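Worksheet: the structure to be examined is printed underneath.
Quick note on labels: first sequence line is chain A, next is B, and so on, each numbered from 1. What you see is a predicted model, and the numbers here were worked out from it, not measured in a lab.
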Protein chains: 2
Amino acid sequence: MKFSKKSEYGLRALLELCETYGGRVLQRHEIAERQNIPVEFLEQILLALKRAGLLASRRGVRGGYSLIKSPEDITLGQVIRILDGPLAPISCVSKTAYQKCADCPYAAKPSCPLQQAMGEVRDAIANILDHYTLSRFAHSK
Amino acid sequence: MKFSKKSEYGLRALLELCETYGGRVLQRHEIAERQNIPVEFLEQILLALKRAGLLASRRGVRGGYSLIKSPEDITLGQVIRILDGPLAPISCVSKTAYQKCADCPYAAKPSCPLQQAMGEVRDAIANILDHYTLSRFAHSK
DNA sequence: TAGTTGTCTAGTGAGTTGCTCAAGATTTCG
DNA sequence: CGAAATCTTGAGCAACTCACTAGACAACTA
């Protein structure tokens, strides 16, 4: 029941990028050094965030990465879903990636006792992470 | 960010055991069949739950497993922690298994921005799972 | 004491995580 | 233009975890 390093690194990288938001770009090695993240691994993360539309990048000598969306418009939930997949603790309660459980005897019945509890957990997690924005994050620094 | 099959199977096995609570014992193959769980895998789970003090077992011909605690006194949180480890999404916010992050640059500083958010998530999860008892579970069946 | 059950320890195949490496594309600067 | 700096892509890999299996052993009961 843990988040991956990918999510953690991704969030920490975004924190750095928030600080130069609107200003200069950051290169991967700058972010990597400041946040103690292996450069090549960080790269994969930054690219994923770019593909998801959070970052822009420029190649070449004065290249680097920069935030493309305002820190107020980026939530922890978004970032974690990009890097770690759905938030739901079991897939039969996921809203973004629902899957019927194959082996559960309750799957056929009208209601599964586990589903209710897990649904509540899912909602609680999503409620927090989808309302936490990067800006709120940076302020508490 | 998912619970393991172990937890899921464990909870479903406990549901079965709730139904015969106070009455007869259940053998592993009975539970396994009704809940579609591989017997030998289930066994490991039952043993873990036994070591944790939730179940009693008897060997031999009329052997089997039975609940040793009342369903009202067993919470989902307990069970999941036994089978899956701590609930915290990152270990620096775990109450049952705290660990300082080795590489995080905020670890040294008074406050880590990630920690606050993750702490809230941890509390939310624990709040739900530690108040959900097996009895509440069985009733909604 | 024979057969049935739980107990324990080890092992295994598939998949994931966290990370590395190498070759290429694009940009800037001299 | 050409060289250097940067991002881009894709492949690869060791360690670990997950879900499950196997087999020897201990205890209970008839």
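Comparing C:dC19, C:dC8, C:dA25 by their nearest atom to the side chain of B:L47 picks out C:dC8. For B:R59, whose side chain is taken as the heavy atoms from C-beta onward, the closest listed nucleotide among C:dT7, D:dT9, C:dA25 is C:dT7.
Taking 4.0 angstrom as the limit, A:K6 places none of its side-chain polar atoms (N or O) nearer than this to OP1 or OP2 of C:dG18. Put simply, A:Y65 has a side-chain N or O that comes within less than 4.0 Å of OP1 or OP2 on D:dT8. In this structure, A:S4 does not reach the C:dT16 phosphate: none of its side-chain N or O atoms is under 4.0 Å from OP1 or OP2. OP1 or OP2 of D:dT8 has at least one side-chain nitrogen or oxygen of A:S57 nearer than 4.0 Å.
Separating the CZ atom of A:F41 from the P atom of C:dT17 is a distance of 9 Å, rounded to the nearest angstrom. Between the CG atom of B:L46 and the P atom of C:dT5 there is a distance of 15 Å, given to the nearest Å. In this entry the distance linking CG of B:L42 with P of C:dT7 reads 12 Å, nearest Å.
Comparing B:K50 and A:E40, the nucleotide of DNA chain C nearest to each residue sits closer to the 5' end for B:K50. With the nearest nucleotide of DNA chain C identified for both A:R58 and A:F3, A:F3 has the one nearer the 5' end.
Under a 4.0 Å N-O distance rule, the pair B:R81/B:D130 qualifies as a salt bridge. With salt bridges taken as basic N to acidic carboxylate O contacts below 4.0 Å, none links B:R12 and B:E16. Salt bridge absent: A:K2 and A:E8 never bring a charged side-chain N and a carboxylate O closer than 4.0 Å.
Looking at A:Q44, its side chain comes within 3.5 Å of the base of C:dT20 through a donor and an acceptor atom.
Within the nucleic acid shown, A:Y9 comes within 4.0 Å of sugar-phosphate atoms alone, with no base atom in reach, counting heavy atoms only.
Of the N and O atoms on the side chains of A:E30 and A:Y65, not one donor lies less than 3.5 Å from an acceptor on the other residue.
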